[in-house]
Protein chains: 2
Amino acid sequence: MPTPSRPRGPKPIRMDPDRILDAAQEVFARDGLRAASLRAIAKQAGCDPALIYYHFDSKEAMFTALLARRFPPILQELEVVAAPEDPRSTAFRLWEVVRIYHRHLKADPGIRSLIRGEIVHGAEGLSDLIAARLRPIVMAIRSILDQGIARGDLRADLHSLLATFFLARMQLEILDLLPTVLPRLMGLPHDQAVETGLRAWFDLYWRGVARDPLAPLPPLPELAADPLAIKETRP
Amino acid sequence: MPTPSRPRGPKPIRMDPDRILDAAQEVFARDGLRAASLRAIAKQAGCDPALIYYHFDSKEAMFTALLARRFPPILQELEVVAAPEDPRSTAFRLWEVVRIYHRHLKADPGIRSLIRGEIVHGAEGLSDLIAARLRPIVMAIRSILDQGIARGDLRADLHSLLATFFLARMQLEILDLLPTVLPRLMGLPHDQAVETGLRAWFDLYWRGVARDPLAPLPPLPELAADPLAIKETRP
DNA sequence: GCTCCAATTCAACGAATGTTGAATGATGGA
DNA sequence: TCCATCATTCAACATTCGTTGAATTGGAGC
């Protein structure tokens with residue numbers, strides 16, 4: 001009788017549930033959200049599929065844990081920018097929103113799929129959970145827009161909820177599509193596609209929401225610049 | 001031995017392959033693209049799953065047939081609007097693009113999913129096919145923007161390819177999301193969500209691309225208005 | 001050193017999926 | 001009228017999926 005390749009029982013190195021979530025994130029990025037199976041995730045993590053059920057109640061609970069890990073840091077950063085006391089210009093703050101989104105979502109296509117709602121069909125409870133996580137994020141961005149209207153930086157007739165939807169949603173599309181589309185259609189290097197697309201988008205968006213669309217934008221920091229080192233330089 | 005519920009052999013009414021495509025479209029709309037199984041489509045069409053394999057080579061071939069049915073009419077209408085001789089204003093023509101998209105895609109979430117690329121993972125050949133169908137559509141819209149730049153209606157520094165991407169992509173999101181999101185967040189009636197969202201989006205977009213963003217938009221026809229009855233009324 | 005618990009693996013289940021081959025009845029042409 | 005072809009159904013296949021129960025082992029605590 002051949003000995004099994006690996007005996008049962010605990011390994012010398014315990015499997016941290018976070019490592020399973022890391023593996024899930026990688027498989028989502030590689031195979032897409034719907035096609036990511038527990039077996040593929042287990043293989044990526046280097047463990048047995050059944051172990052995932054030891055650490056999480058179900059596949060859906062694993063999604064939930066992924067959400068719980070990703071969303072609070074985003075919300076925390078957004079709430080700093082959305083604080084009514086923030087003295088920086090509305091254009092600068094909105095660009096900060098873009099940068100925060102970019103920083104947290106660029107390396108995680110799986111969470112982008114979750115936000116986009118690709119998993120909504122057939123998992124209604126999960127959909128409610130995502131909506132609950134997303135709502136304060138939307139409200140933080142919206143409050144920046146409302147403050148901008150009140151300060152006279154933005155159009156008085158702006159529909160802040162729809163404008164929030166437009167800003168956040170287009171960024172998801174840019175992060176997912178432009179890195180594969182732009183290099184093929186233009187000669188653009190792969191790693192510049194997102195920066196180019198996001199700046200073009202923000203330029204268009206700002207003219208669309210600003211009270212004075214022809215006034216030049218303030219200098220905007222690069223996407224990947226250190227968030228703490230940035231101070232707005234008023235022209 | 002019990003007689004089978006329905007004997008074999010051809011039914012009195014033959015199954016038109018188009019009816020199978022209709023059923024597929026309905027199932028896509030109900031269950032989403034990925035969750036739509038051949039058995040569900042066959043049930044919707046009222047036939048056996050194996051019959052689908054008689055009319056189409058595979059599930060992917062059925063997608064292809066769906067594409068072949070949907071895209072040419074869209075392209076044909078777009079090319080009329082994109083003709084360089086078209087004398088109407090750039091704003092009016094771009095709104096016509098929005099209306100054409102809306103008219104053809106509003107009742108077919110499955111085709112929107114295909115356009116959005118949700119099926120890309122795991123079906124690379126299909127992805128190429130969609131790209132080939134999509135390219136002339138993108139180019140038609142882009143040529144309207146390029147003509148608008150040449151006529152002096154749009155900003156000279158506009159990136160027409162990215163602007164095309166922004167316009168067409170956001171419309172997909174609006175068609176899919178706003179009917180479920182807007183009624184819940186605002187008091188908006190379900191059937192007005194898309195019209196409200198698309199007008200707000202076009203208003204923002206136009207300010208973003210126009211050379212003179214503060215000039216008022218011309219009166220734009222309703223989304224569902226008869227395309228042939230519309231003549232631009234210059235103010 | 002013994003015991004107990006936590007962590008891990010194995011094997012299997014039931015359901016769903018895309019697909020295929022054989023069987024069967026109707027239809028239309030010779 | 002007969003026969004070939006077309007359209008349809010049935011039953012089954014192999015595969016994959018999420019999930020579960022039992023078996024196994026290493027280490028911590030006494």
Side-chain angles (χ1 to χ4, degrees), chain A residues 1-21 23-24 27-28 30-66 118-119 121-126, chain B residues 1-21 23-24 27-28 30-66 118-119 121-126:
Chain A
M1 166 181 314
T3 60
S5 56
R6 187 185 292 273
R8 298 186 181 186
K11 288 192 207 171
I13 301 159
R14 301 262 175 109
M15 176 66 61
D16 188 357
D18 265 339
R19 285 242 311 266
I20 295 179
L21 294 182
V27 175
F28 291 157
R30 177 165 25 92
D31 302 340
L33 189 56
R34 275 234 178 58
S37 69
L38 279 179
R39 284 171 172 84
I41 294 169
K43 190 175 181 181
Q44 171 77 28
C47 71
D48 191 90
L51 185 62
I52 298 181
Y53 281 88
Y54 181 78
H55 289 294
F56 304 98
D57 286 341
S58 66
K59 193 186 184 187
E60 197 171 310
M62 206 188 52
F63 279 128
T64 307
L66 253 179
E118 281 182 18
I119 204 157
H121 282 294
E124 202 51 47
L126 195 57
Chain B
M1 166 182 312
T3 60
S5 58
R6 185 185 292 271
R8 297 185 184 187
K11 288 193 210 171
I13 302 160
R14 301 261 174 109
M15 177 67 60
D16 188 358
D18 265 340
R19 284 242 312 264
I20 295 179
L21 294 183
V27 175
F28 291 158
R30 178 166 23 93
D31 302 341
L33 190 56
R34 276 234 175 59
S37 69
L38 280 179
R39 283 171 172 83
I41 293 169
K43 190 175 179 182
Q44 173 76 29
C47 70
D48 192 90
L51 185 62
I52 298 180
Y53 280 88
Y54 181 80
H55 289 294
F56 305 98
D57 286 341
S58 65
K59 192 186 184 186
E60 196 170 312
M62 206 188 52
F63 280 128
T64 308
L66 254 179
E118 281 182 17
I119 206 158
H121 282 293
E124 202 52 46
L126 195 57

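Note that the coordinates shown come from a computational prediction; the quantities given were computed from them, not determined experimentally. Chain identifiers are assigned alphabetically (A, B, ...) following the order of the sequence lines, protein sequences preceding nucleic acid strands; residue numbering begins at 1 within each chain.
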- Task: Using the test side-chain contact (heavy atoms from CB on, under 4.5 Å), find all partners of B/Ala36 that sit at least two apart in sequence or belong to another chain.
- Result: B/Val27, B/Phe28

- Where protein sits on nucleotides 12-18 of chain C, one letter per nucleotide: B base, S sugar-phosphate only, - none, heavy atoms under 4.0 Å: B----BB

- Message: Please tell me if A/Tyr54 has a side-chain N or O lying less than 4.0 Å from either OP1 or OP2 of C/dT8.
- Response: no

- Quickly work out the A/Leu51 CG to D/dT19 P distance and round it to whole Å. 15 Å

- Item | Length of the CZ-P vector between A/Phe56 and D/dT19, whole Å | 13 Å

- When the distance from CE of B/Met15 to C1' of D/dT9 is rounded to whole Å, what number comes out? 12 Å

- Note on the structure: Minimal heavy-atom distance between A/Phe56 and A/Ala65, with the atoms involved, is CE2-CB, 3.7 Å

- To the nearest angstrom, the NZ-P distance between A/Lys43 and D/dC17 comes to 11 Å

- Message: So, OP1 or OP2 of C/dT8: does either fall under 4.0 Å of a side-chain N or O from A/His55?
- Response: yes

- Task: Give the rounded distance in Å between these two atoms: CG of A/Asp48 and C1' of D/dT19.
- Result: 12 Å

- Message: In whole Å, I'd like the distance from the CG atom of A/Asp16 to the P atom of C/dA7.
- Response: 11 Å

- Please state how far atom CD1 in A/Ile41 lies from atom P in D/dG18, giving the value in whole angstrom units. 8 Å

- Starting at atom CG of A/Asp57, determine the distance to atom C1' of D/dG18, rounded to an integer number of angstrom. 14 Å

- Query: Does any non-hydrogen side-chain atom of B/Leu66 lie less than 4.5 Å from one of B/Met62?
  - Reply: no

Compile the donor-acceptor pairs under 3.5 Å between side chains in residues 37-50 of chain B and protein atoms, sequence neighbours left out, one pair per line.
unit_1: B/Ser37; atom_1: OG; unit_2: B/Ala40; atom_2: N; d: 3.1
unit_1: B/Gln44; atom_1: OE1; unit_2: B/Arg30; atom_2: NH2; d: 3.0
unit_1: B/Gln44; atom_1: NE2; unit_2: B/Glu26; atom_2: OE1; d: 3.0
unit_1: B/Asp48; atom_1: OD2; unit_2: B/Ala50; atom_2: N; d: 2.9

- Which residues pass the side-chain contact (heavy atoms from CB on, under 4.5 Å) test with A/Asp18, sequence neighbours left out? A/Asp16, A/Leu21, A/Arg69

